[in-house]
Participant: 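Below is a structure I'd like to ask you about.
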Amino acid sequence: MEENKQIDEKKLARDEAYKDVKMYIANDWKLKEETPEYFLLTRNNGSTTGHLLIAFFTLWWTLGIGNLIYYFAKKEKKKILK
């Protein structure tokens, strides 16, 4: 009886958290991982235009390292707890 109540509470908490996850997924976030404690979402805000501008202005001096820095600087992660 007690186990069923705990399972129901966990399922309810997951469903409530998943409502938030669906909102983020609708806004171009990707669900990367789901664990019993949280959902992990990722998104990259880098644009093709940004990459081209970085390459145009810094390729000669940084040999592409500027583009790598831009790529990793624009990555975002978000955890939604259950």
Side-chain angles (χ1 to χ4, degrees):
M1 182 85 167
E2 186 68 29
E3 284 183 28
N4 288 340
K5 186 176 181 182
Q6 289 178 347
I7 291 171
D8 289 341
E9 287 176 1
K10 287 182 180 180
K11 186 174 183 335
L12 182 62
R14 184 205 180 272
D15 292 342
E16 288 294 320
Y18 193 69
K19 287 179 185 179
D20 292 336
V21 170
K22 288 195 297 186
M23 180 185 66
Y24 282 105
I25 289 173
N27 288 311
D28 296 331
W29 288 81
K30 292 185 179 17
L31 180 59
K32 184 175 182 179
E33 182 180 352
E34 179 182 351
T35 68
E37 293 85 28
Y38 62 85
F39 292 99
L40 181 62
L41 303 163
T42 60
R43 171 171 76 170
N44 190 342
N45 281 337
S47 66
T48 304
T49 306
H51 277 289
L52 291 175
L53 288 172
I54 297 291
F56 180 74
F57 289 114
T58 65
L59 186 62
W60 180 256
W61 296 283
T62 65
L63 301 175
I65 295 174
N67 261 334
L68 286 175
I69 293 170
Y70 176 74
Y71 172 76
F72 287 111
K74 289 297 189 171
K75 286 180 95 171
E76 292 182 271
K77 290 183 181 178
K78 182 174 287 292
K79 279 186 183 179
I80 297 179
L81 301 175
K82 293 181 181 179

Participant: What pairs meet the ring-ring contact (aromatic ring centres under 6.0 Å, His included) rule with one or both residues in residues 56-82, with sequence neighbours excluded?
Facilitator: H51-Y70
Participant: Mind checking side-chain contact (heavy atoms from CB on, under 4.5 Å) for D28 and listing every partner two or more places apart, or none if nothing turns up?
Facilitator: none
Participant: Which residue pairs pass the salt bridge (Lys or Arg N to Asp or Glu O under 4.0 Å) test with at least one member in residues 43-69, sequence neighbours excluded?
Facilitator: R43-E76
Participant: I65: which other cluster members, linking ILVMFWY side chains closer than 4.5 Å, directly or transitively?
Facilitator: I69
Participant: To the nearest 0.5 Å, tell me how far I54 CD1 sits from L68 CG.
Facilitator: 11.5 Å
Participant: To the nearest 0.5 Å, what is the distance between CD1 on I25 and CG on L31?
Facilitator: 5.0 Å
Participant: Filter on salt bridge (Lys or Arg N to Asp or Glu O under 4.0 Å), then keep only pairs touching residues 53-68, sequence neighbours left out; what's left?
Facilitator: none
Participant: Pairs in or reaching into residues 53-68: which pass salt bridge (Lys or Arg N to Asp or Glu O under 4.0 Å), with residues at least two apart or in two chains?
Facilitator: none
Participant: Taking only residues two or more places apart in sequence or in another chain, which ones pass side-chain contact (heavy atoms from CB on, under 4.5 Å) with R14?
Facilitator: Y18, E34, F39, K82
Participant: Who passes side-chain contact (heavy atoms from CB on, under 4.5 Å) against T49, sequence neighbours left out?
Facilitator: S47, L53
Participant: Quick one: side-chain contact (heavy atoms from CB on, under 4.5 Å) partners of D8, sequence neighbours excluded?
Facilitator: none
Participant: Can you list the other members of the hydrophobic cluster that holds L40, where links are side-chain heavy atoms under 4.5 angstrom apart?
Facilitator: Y38, L81
Participant: Could you tell me whether the side chain of W29 reaches within less than 4.5 Å of the side chain of V21, counting heavy atoms only?
Facilitator: no
Participant: What pairs of residues pass the salt bridge (Lys or Arg N to Asp or Glu O under 4.0 Å) test when at least one of them lies in residues 46-73, not counting sequence neighbours?
Facilitator: none
Participant: Under the salt bridge (charged side-chain N to carboxylate O under 4.0 Å, His left out) rule, collect the residues that match up with K19, sequence neighbours excluded.
Facilitator: E16
